[in-house]
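Working notes for the structure below.
Computed from a prediction, not measured in an experiment: that's the story for all the values here. Read the numbers this way: they start at 1 and go in the same order the structure lists the ligands and their atoms.
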Amino acid sequence: MKHLLSIETLDTTAARLILEQSGVFKKQRGQHPRLPLTGQTWALIFSKSSTRTRVSFEVGIRELGGEVLFLNKNDIQLGRGEPIEDTARVLGRMVHGAVIRTYAQQEVEAFAHWSAIPTVNALTDAEHPCQILTDIFTFEEKRGPIAGKVVTFVGDGACNVPASWIFAAGKLGFELRIAAPKAYQPAPEILKRAGGNIHVTDDLQAAARGADLLYTDVWVSMGMEAETAQRLKDLAGYQINDALVRLAKPDALVMHCLPAYRDKEIDAATFEAHAQTIFDQAENRLHTQKSILNWLVS
Ligand code: CP
Ligand code: NVA
């Protein structure tokens, strides 16, 4: 039984296979020679908002021959306190796979364990593996192998998206620099678990110098809304803008997982200047999602 619960637990061979097949699914959209989810129904169980992840999985599952049930946590008994173990054992007898967006990583892991159906982490507080696989696919589509390249993450270095980048760095052989104020730097135990060539600093100019990719994410992740005012104050300045882009390689890519908050983590002009890349990245969620689903059922 395969699951995609984190980049930390995904082996390099599987990651490379998913990345390679993403390009195949992209080319073959509308004419897939084989529909690997034919006869299957997948459940999407979401406790947080989503545009890209929800739509790319719903469309992707349908385009691979499957049916989809979208279950907002509050519409099912899970939202009224039914344990995840029971929800998992019920759904595991009715559907063929599950895609879960929630807070605690432990919830996705418990669901995978108790349901005994392929389970995907569609974002937890700990990781966002589907996003990072798409990001790497997008980088490689435009610039070739990511191995040996320099990726600079700017902003809240302690949230789910940089954590998945951290676990990807060693597995896929690129240098990762995280530029964040001290209070927003990744936990030392995550860096220790990940290994790899990773530099964490509060000097964002130094981190951007010579980078092949500048990447950012929101300053206020879902679930952190109560800290908004403090975060906007603390993270001010940790922004991708023209001055920062000029320090990177001349052909550096600028990417954002979206949603983007203009003039916070990225300024409006830089966002528009790199909109082609950013929306290619958003589109690629669909192709990579299909590749993940195909890998899970192969
Ligand atoms: N990037 C991303 O996961 O977007 P959504 O929150 O809209 O799914
Ligand atoms: N770090 C962000 C990612 C959104 C796709 C969040 O968790 O809200």
At what distance is the nearest protein heavy atom to atom 6 (O) of ligand 1, and which residue and atom is it?
-> Arg101 NH1, 2.8 Å
How far is atom 4 (O) of ligand 1 from its nearest protein heavy atom, and which residue and atom name does that atom have?
-> Arg52 NE, 2.8 Å
Would you call Lys73 and Glu82 a salt bridge, using N to O less than 4.0 angstrom?
-> no
Of the backbone atoms (N, CA, C, O) and the side-chain heavy atoms from C-beta on, which set of Val218 has a member under 4.0 Å from an atom of ligand 2: side chain, backbone, both, or neither?
-> side chain
Decide whether the shortest distance between a heavy atom of Leu123 and an atom of ligand 1 is less than 4.0 Å.
-> no
Are Lys48 and ligand 1 in contact, using a heavy-atom cut-off of under 4.0 Å?
-> no
For atom 4 (C) of ligand 2, find the nearest protein heavy atom and state the residue, atom name and distance (0.1 Å precision).
-> Leu123 CD1, 3.9 Å
Just distances here: any N/O of Arg54 and N/O of ligand 1 closer than 3.5 Å?
-> no
pair Leu213-Val254: side-chain heavy atoms closer than 4.5 Å | no
Looking only at N/O atoms, are Asn160 and ligand 2 under 3.5 Å apart anywhere?
-> yes
So, is Pro259 polar-close to ligand 1, with some N/O to N/O distance under 3.5 Å?
-> no
Can Arg54 be said to sit on top of Phe70's aromatic six-ring, NZ or CZ under 6.0 Å from centre and within 45° of the ring axis?
-> yes
Which protein non-hydrogen atom lies closest to atom 2 (C) of ligand 1, naming both residue and atom, and how far is it?
-> Arg285 NH1, 3.4 Å
Considering only protein heavy atoms, which is closest to atom 8 (O) of ligand 2, and at what distance to one decimal place?
-> Met222 N, 2.8 Å
Strictly under 4.0 Å, does any heavy atom of Asp125 approach an atom of ligand 2?
-> no
Between Glu175 and Lys149, is there a salt bridge with N-O shorter than 4.0 Å?
-> no
Nearest-contact summary for atom 5 (C) of ligand 2 - protein heavy atom, Å = Leu258 O, 3.7 Å
Please tell me if the side chains of Leu44 and Leu71 come closer than 4.5 Å, counting only heavy atoms from C-beta onward.
-> no
Kindly check if the number of other-residue, nucleotide or ligand heavy atoms within 6.0 Å of CD (Glu225) is above 12?
-> yes
Of all heavy-atom pairs between Leu235 and Asp156, which one has the smallest distance, and what is that distance?
-> CD2-N, 3.9 Å
Decide, yes or no, whether a salt bridge links Asp86 with Arg89 under the criterion of side-chain N to carboxylate O below 4.0 Å.
-> yes
Would one find an N or O of Arg101, backbone or side chain, under 3.5 Å from an N or O of ligand 2?
-> no
Protein contact to atom 7 (O) of ligand 1 [nearest heavy atom, distance to 0.1 Å] = Thr51 N, 2.6 Å
Backbone, side chain, both or neither: what part of Ser221 comes under 4.0 angstrom of ligand 2, heavy atoms only?
-> both
